[in-house]
Amino acid sequence: MSSLLSALNPEQLEAVTLPHQSALVLAGAGSGKTRVLTTRIAYLIQSGQVGSHGILAVTFTNKAAKEMLTRISSILPVNTRGLWIGTFHGLCNRLLRAHHQDAGLPQTFQILDSADQLAIIKRILKSLSADDAKFPPRQVQWFINNAKEEGLRASQVETYDDFAREMAVFYLAYEVQCNKEGVVDFAELLLRSYELLTRNEIVREHYRGRFRHILVDEFQDTSRLQYRWLRLLAGEQAAIFAVGDDDQSIYAFRGANTGNMKEFERDFRVSKIIKLEQNYRSQGNILDAANILIRNNSGRLGKNLWTSEGHGEPIRVFNAPTDFDEAAFIVDEVKALRAEGVALSQMALLYRSNAQSRVLEHALFNAALPYRVYGGMRFFERLEIKHALAYLRLIANPNDDNALLRVANFPVRGIGARSLEQLQSEATAQGTSLWTAMLRKYENGATSVPGSGNDTRLGIAGYKKPDKAKKGIEGFVGLLESMRQDCEGLPLPEIVAYMLEHSGLAAHYRAEREGADRLENLNELINAATSFVHEAEDDGLMLFLNHASLEAGEHQAGHGQDALQLMTVHSAKGLEFHSVFLSGLEEGLFPHDNSRNEAGGLEEERRLMYVAITRARRRLYLSFAQSRMLHGQTRYNIPSRFLQEIPDSLLKWPQPLQKTVNKTRELPPRSLGAGYAAQTHASPVRDAAASRWRIGQNVIHAKFGAGVIVNCEGCGADARVEVKFGRAGTKWLLLEYAKLLPA
DNA sequence: CTAGCTGCTGTTTTT
DNA sequence: CAGCAGCTAG
């Protein structure tokens, strides 16, 4: 026990050994947050305060949950299966599985990912013949998820205008459809289990009596509903140990509500907030940059990271002419670092949006550097995997319309859109699933067609067509029925292998010229199933499918080998690397344009930047490109304001070897409140006469501030340039009058 | 019924 | 530059 605690600093120790009371731990990046959580769990169990069954721990990602489990089991010989550690979604799923009847769900309920959800919504909008210009499916999806997040059912939605009324109708139809199919979306997992706990006293009291200690990781990212869920589950008895960092709240777009921290203080009478500010990860310069940057945000709880290590290296900033050059620079630096002995897996390339990975991947590929992309197209989201999963879902539950529609005609078996549409309306009319409708139709067809009262009334053509369609469906029904029968009792990996062969998927991709990768992925699915059986010690098909919906990532070919890590800043949260390359630091990209209109959008972007910076242990690269290919056209952006918020004294500007790059630092207008001199760096004298105005050039306007030329036309007195300014938007300026200065 | 073409649109971040 | 909906030709 003492060895367990001896390695902790005083604040960590205090947090770990807190008595049974609710507490808020403000844990800065790299301050040993996970360690505190796992050590506390081990401490609680080892000191006999609670059994392992009395602990519930919520993490933000499955990865974090897994890590926590392994760390705990390395400290303590506990049965990890009795521990309730997982994401909100994972825990809700567990709860609903255990009480599916009380929750009004079939035992085999399946989980929809957002793409599945969108598909259902599209189908519903179509069946209600809604005007999709007026009601874009995405917006309907957004509306439904928001309503659920507010805890509202379709019948409870406020219908203050026609639009909302219409939305409520869609929501209701969606609810009905999901119930019919026995599927739940992500938000539903939460809402449904929240309702279960609210309504069912027996279940509620059972869990309240059981979970005496509730630990919450990344508390700043909890949503309103999640917070209510926690409060409900905790009741009066449980102690909630909440660990979070308001500066790392980057999921507001998904409903995260930092206000929960203050509410938590009030609701649970938190008497003391413990702050963990000593950072064990990054060196001084990196930490200073992060601290100074985040100070530009308002309404922080307040926290300043410090380290006992030295300043370390300066932060390297690179100004690239194009995104292509940026990638080339990164490749060079990566090679150099590797030559110095840094493992590729200890280097990360971070970017704001997934689309940015393409250029980087291209450069890495050409340089023959192994890399691994996280996020983006996830394993379980790949088309061929979705098809395979659809078959598996149908084996588990043939009433899953989504799955059925996905593969009814894939591989092609002559079930066209028309027959499916027909089937759809029959299903709607009868209030059944498509599968049931198929069975009926098939049985009707089988009994009535031979007797055929039809042939007296219809011409041959008009009667052959439906006959053909029936054959397709008949074949499909037979296929599915035999698959369901044959898979009964088979171990999971064999079910997957069987399905791949008998569904015709394997054959389909074998025949396809470009199918090799897809085949490989399908084989990887068998591996995934095998390792799932291994890890979960359970071979339920249903469980595997849930695992697939809840944990979209982590399975990817090319496991294990030393590879560069590529991911968005969002998915880098919680990770650390020896070296971090943060690319695309441009206005419009990072901070992202879309964040401009959102309340608090800019501050969230800044927190995102803060997260990115604090991923680095020793070395941090920040880079931006003057021109970038985006959405099929070249765009010219000015450097991100965040660059400017970092003091020059922490920065170093390396130059690429052979290229002559504009050595001037071009920065956007200083934002309010920042207090460092922008012009301290040496700026080489510019040859004013020689610099003709050109696209991509950075300029300064007396009134509008810094900008970049994105277009020009005319000549002589008529010469005009279009300039995109950081603040004033994009404007056409007559060169004769506008006193433009080269930046 | 299918495959292949065109033309449109939308574009952040994720459990 | 996608990805997708809708259309046309086989």
Side-chain angles (χ1 to χ4, degrees), chain A residues 58-65 86-93 111-119 122 126 132-133 136-139 145 148-149 184-190 218 221-223 225-226 249-256 350-359 374-378 380-381 383 409-421 464-466 468-469 471-472 546-554 567-574 584 588-598 601 604-605 607-609 611-612 628-635:
Chain A
V58 193
T59 60
F60 193 65
T61 61
N62 294 299
K63 213 196 299 175
T87 62
F88 276 105
H89 299 275
L91 294 169
C92 287
N93 177 42
I111 299 165
L112 302 172
D113 65 19
S114 10
D116 297 331
Q117 185 186 32
L118 193 62
K122 277 185 185 164
K126 198 170 263 178
D132 46 344
R138 290 201 157 278
Q139 201 179 343
N145 288 338
K148 289 190 179 186
E149 177 52 46
V184 299
D185 57 52
F186 287 137
E188 184 71 25
L189 283 172
L190 278 160
E218 307 280 13
D221 284 326
T222 52
S223 72
L225 183 59
Q226 286 167 345
S249 163
I250 54 173
Y251 283 94
F253 70 92
R254 206 176 84 184
L350 307 185
Y351 33 81
R352 173 66 236 270
S353 61
N354 282 306
Q356 286 168 253
S357 75
R358 293 212 167 263
V359 195
Y374 290 79
M377 193 43 134
R378 293 168 149 68
F380 287 115
E381 282 169 4
L383 197 66
N409 199 31
F410 192 95
V412 174
R413 52 174 75 85
I415 304 177
R418 226 162 38 93
S419 1
L420 284 174
E421 235 165 74
K464 255 187 183 166
K465 268 182 192 164
K468 249 185 193 168
K471 273 201 170 151
N546 280 306
H547 164 84
S549 323
L550 285 173
E551 193 171 335
E554 294 333 285
M567 65 192 87
T568 64
V569 179
H570 278 92
S571 38
K573 187 158 85 151
L589 243 190
F590 198 179
H592 199 279
D593 262 335
N594 297 5
S595 69
R596 270 214 263 205
N597 307 323
E598 288 158 30
E604 173 137 326
E605 295 286 310
R607 289 192 294 271
L608 202 48
M609 179 78 184
V611 168
R628 177 179 298 275
M629 196 65 163
L630 210 61
H631 313 316
Q633 54 184 342
T634 310
R635 303 193 15 174

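Not measured: the values here are computed from a predicted model. Each chain gets a letter, A, B and so on, in the order its sequence line appears, and its residues count up from 1.
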Novice: Rounded to the nearest 0.5 Å, what separates atom NZ in A:K148 from atom OG in A:S223?
Specialist: 13.5 Å
Novice: Side chain of A:N594, heavy atoms from C-beta onward: which of B:dT11, B:dT14, B:dC1 has the nearest atom to it?
Specialist: B:dT11
Novice: B:dT11, OP1 or OP2 - any side-chain N/O from A:R138 closer than 4.0 Å?
Specialist: yes
Novice: Look at A:T61 and B:dT14 and indicate whether a side-chain polar atom (N or O) is within less than 4.0 Å of OP1 or OP2.
Specialist: no
Novice: Rounded to whole angstroms, how far apart are CZ on A:F88 and C1' on B:dT15?
Specialist: 11 Å
Novice: Does a side-chain N or O from A:N354 land closer than 4.0 Å to OP1 or OP2 of B:dT14, or not?
Specialist: yes
Novice: Rounding to a whole Å, what distance do you find between A:L118:CG and C:dC4:P?
Specialist: 10 Å
Novice: Just checking, A:K573 and A:Y251: is the charged tip under 6.0 Å from the six-membered ring centre and within 45° of the axis?
Specialist: no
Novice: Quiz question: going by heavy-atom distance under 3.5 Å, is there a donor-acceptor pair between the base of B:dT15 and the side chain of A:H89?
Specialist: yes
Novice: Figure out the CD/P separation between A:E149 and B:dT14, and round it to whole Å.
Specialist: 18 Å
Novice: To the nearest angstrom, how far is A:F253 atom CZ from B:dT11 atom P?
Specialist: 15 Å
Novice: Remember a base hit wins even if backbone is also touched, and classify A:Y251 as base, sugar-phosphate or nothing at under 4.0 Å, heavy atoms.
Specialist: sugar-phosphate
Novice: Just to be sure I understand the rule, does A:V412 reach a base, reach only the sugar-phosphate, or reach nothing, if contact means heavy atoms closer than 4.0 Å?
Specialist: sugar-phosphate
Novice: Give a yes/no answer on whether the side chain of A:K122 brings an N or O atom under 4.0 Å of OP1 or OP2 in C:dA5.
Specialist: yes
Novice: Looking at A:N409, does any N or O in its side chain come under 4.0 Å of the phosphate oxygens OP1/OP2 on B:dT2?
Specialist: yes
Novice: How many whole angstroms separate atom CG of A:L630 from atom P of B:dT12?
Specialist: 10 Å
Novice: What closest approach, in Å, do A:G584 and A:R628 show between heavy atoms, and which atom pair accounts for it?
Specialist: CA-NH2, 3.2 Å
Novice: Kindly give the heavy-atom pair with the smallest separation between A:T59 and A:A65, and that separation in Å.
Specialist: OG1-CB, 3.4 Å
Novice: Let me know the distance between CZ of A:R358 and C1' of C:dG3, rounded to the nearest Å.
Specialist: 12 Å
Novice: Out of B:dT14, B:dT15, B:dC1, which nucleotide sits closest to the side chain of A:S419?
Specialist: B:dC1
Novice: Round to the nearest Å and state the distance from A:E605 atom CD to B:dT12 atom C1'.
Specialist: 8 Å
Novice: Which pair of non-hydrogen atoms, one from A:S114 and one from A:F186, has the smallest distance, and what is that distance?
Specialist: N-CE1, 4.2 Å
Novice: Output yes when at least one side-chain N/O atom of A:S353 is less than 4.0 Å from OP1 or OP2 of B:dT11, else no.
Specialist: no
Novice: Between atom CZ in A:R596 and atom C1' in B:dT11, what is the gap in whole Å?
Specialist: 16 Å
Novice: Does A:H570 stack onto the base of B:dT13, taking stacking as ring centres under 5.5 Å apart and planes under 30° apart?
Specialist: no
Novice: Please report the shortest heavy-atom distance between A:L589 and A:Q356, naming the atom on each side.
Specialist: CD2-OE1, 3.4 Å
Novice: Do A:R254 and B:dT13 share a donor-acceptor pair, side chain to base, under 3.5 Å?
Specialist: no
